[in-house]
There are 2 protein chains.
Amino acid sequence: MTGTINSELMRGSLNMMILSILAEESQYGYLMQQKLRDASREMVDLKAGTLYPILHRLEADKFIRSRWDKSSGRKRKWYDITVAGKKQLSKQAIEWQTYVECIQNLLGQVNLSPKPACRQT
Amino acid sequence: MTGTINSELMRGSLNMMILSILAEESQYGYLMQQKLRDASREMVDLKAGTLYPILHRLEADKFIRSRWDKSSGRKRKWYDITVAGKKQLSKQAIEWQTYVECIQNLLGQVNLSPKPACRQT
DNA sequence: GGCTATATATAGATCAGCTATATATAAAAG
DNA sequence: CTTTTATATATAGCTGATCTATATATAGCC
């Protein structure tokens with residue numbers, strides 16, 4: 001049971017996860033990475049080489065905004081979600097919910113062993 | 001709201017869907033395609049060019065087994081799930097549930113508009 | 001000074017799913 | 001009976017999100 005989630009499964013929902021994290025509060029990349037890892041019991045282990053290109057893409061799409069902060073020793077690039085980003089998040093979340101319900105219906109019959117829940121954030 | 005689910009979102013779970021359909025009863029490709037479309041209110045519209053390679057892959061992996069049937073006019077390739085396939089399905093379904101729970105926790109705060117449920121199969 | 005953790009960046013590889021196309025034939029339309 | 005449509009499967013080649021590997025830079029610790 002232990003081990004990370006198959007990355008193919010995460011494809012298409014990582015954008016949404018990042019936007020979701022930023023919808024709660026401003027973050028910089030390295031912290032988001034840890035936050036995701038912690039919130040998922042190490043099951044979602046987003047690699048730096050995956051995360052930073054996603055952030056750049058989201059910024060190019062104007063869904064997030066960045067600013068460098070060098071005041072506290074280390075220089076960090078802080079990100080905020082934009083109004084367009086919040087709309088996008090809402091749209092993606094609805095699509096996600098819809099898809100999940102479809103799968104749940106299909107899987108209705110499948111016998112699942114007891115599974116541990118993700119830690120609450 | 002209408003429109004098909006973004007295919008990037010389905011990546012990684014199509015295998016599981018096919019196995020899930022076959023876990024209920026034997027099927028041939030063309031019928032699976034329609035079944036998926038109907039069960040998802042046209043939102044999951046798996047193209048033939050996607051479906052058949054998946055079936056070949058699943059068969060190569062010994063998760064499903066096939067036999068041609070030419071008795072009823074049209075020739076059709078019927079598929080059955082194997083014991084290994086059922087194990088694989090169970091494994092993937094658990095991973096799916098785990099991942100869904102993680103996402104749900106992350107999305108906890110996101111405001112969702114009322115959404116239509118998938119038609120029950 | 002050397003090592004580890006922090007912090008960001010990017011080129012290149014991988015592969016699931018898509019598009020487009022091909023083949024074949026039963027059934028329906030004309 | 002010929003044409004069209006729906007059924008049924010197959011596959012070559014494209015796309016793009018994610019991964020691997022690598023690079024840079026520096027704060028903090030021993």
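Chain identifiers are assigned alphabetically (A, B, ...) following the order of the sequence lines, protein sequences preceding nucleic acid strands; residue numbering begins at 1 within each chain.
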Take atom CG of A:L31 and atom P of C:dT8, then tell me their distance rounded to the nearest Å. 9 Å
A:L107 vs B:Q97 side-chain heavy atoms within contact, under 4.5 Å: yes
Spacing between A:I54 atom CD1 and D:dG16 atom P, to the nearest angstrom: 16 Å
Quick one: A:L51 CG to D:dA17 C1', roughly how many Å, whole number? 14 Å
I want to check one thing: is the phosphate of C:dA7, taken as OP1 and OP2, less than 4.0 Å away from some side-chain N or O of A:Y28? yes
Could you pick out which residue, A:S13 or B:T50, lies toward the 5' side of DNA chain D when each is mapped onto its nearest nucleotide? B:T50
Output the rounded distance in Å from CG (A:N6) to P (D:dA17). 17 Å
B:L55 has an atom CG; how far is it from atom P of C:dG17, in whole Å? 12 Å
Do A:R74 side-chain and C:dA7 base share a donor-acceptor contact under 3.5 Å? no
Could you check whether A:K35 pairs with A:E25 (Lys NZ or Arg NE/NH1/NH2 to Asp/Glu carboxylate O, under 4.0 Å)? yes
Atom-pair distance (CZ on B:R76; C1' on D:dA10), nearest Å: 17 Å
Main chain of A:M10, side chain of A:S13: is a donor-acceptor contact present, judged purely on distance under 3.5 Å? yes
How close or far is atom C1' of D:dA8 from atom CG of B:L46, stated in whole angstroms? 15 Å
Base, sugar-phosphate, or nothing for A:W68, non-hydrogen atoms under 4.0 angstrom? sugar-phosphate
Reading DNA chain C from 5' onward, which residue's closest nucleotide shows up sooner: A:E8 or A:Q34? A:Q34
Looking at every strand, decide which applies to A:G49 at a 4.0 Å heavy-atom threshold: base, sugar-phosphate, or nothing. base
Looking at D:dT7, I'd like to know if its phosphate oxygens (OP1 or OP2) sit under 4.0 Å from a side-chain N or O belonging to B:K75. no
From D:dT18, C:dA26, C:dA16, pick the nucleotide closest to the side chain of B:R11? C:dA16
In this structure, how many angstroms lie between the C1' atom of C:dA26 and the OH atom of B:Y30, rounded? 12 Å
Would you say a side-chain N or O of B:H56 is under 4.0 Å from OP1 or OP2 of D:dT9? no
Look at the side chain of B:S20 and the backbone N and O of A:L106, then say whether any donor-acceptor pair between them is shorter than 3.5 Å. yes
Judged by nearest nucleotide, the residue sitting upstream toward the 5' end of DNA chain D, B:Y79 or A:A48, is B:Y79
Whether B:W96 and A:W96 hold their rings parallel, tilted or perpendicular, with breakpoints at 30° and 60°: tilted
Within the pair A:S7 and D:dT18, is there a side-chain N or O less than 4.0 Å away from OP1 or OP2? no
Reckon B:Y52 has a side-chain N or O less than 4.0 Å from the OP1 or OP2 of D:dA10? no
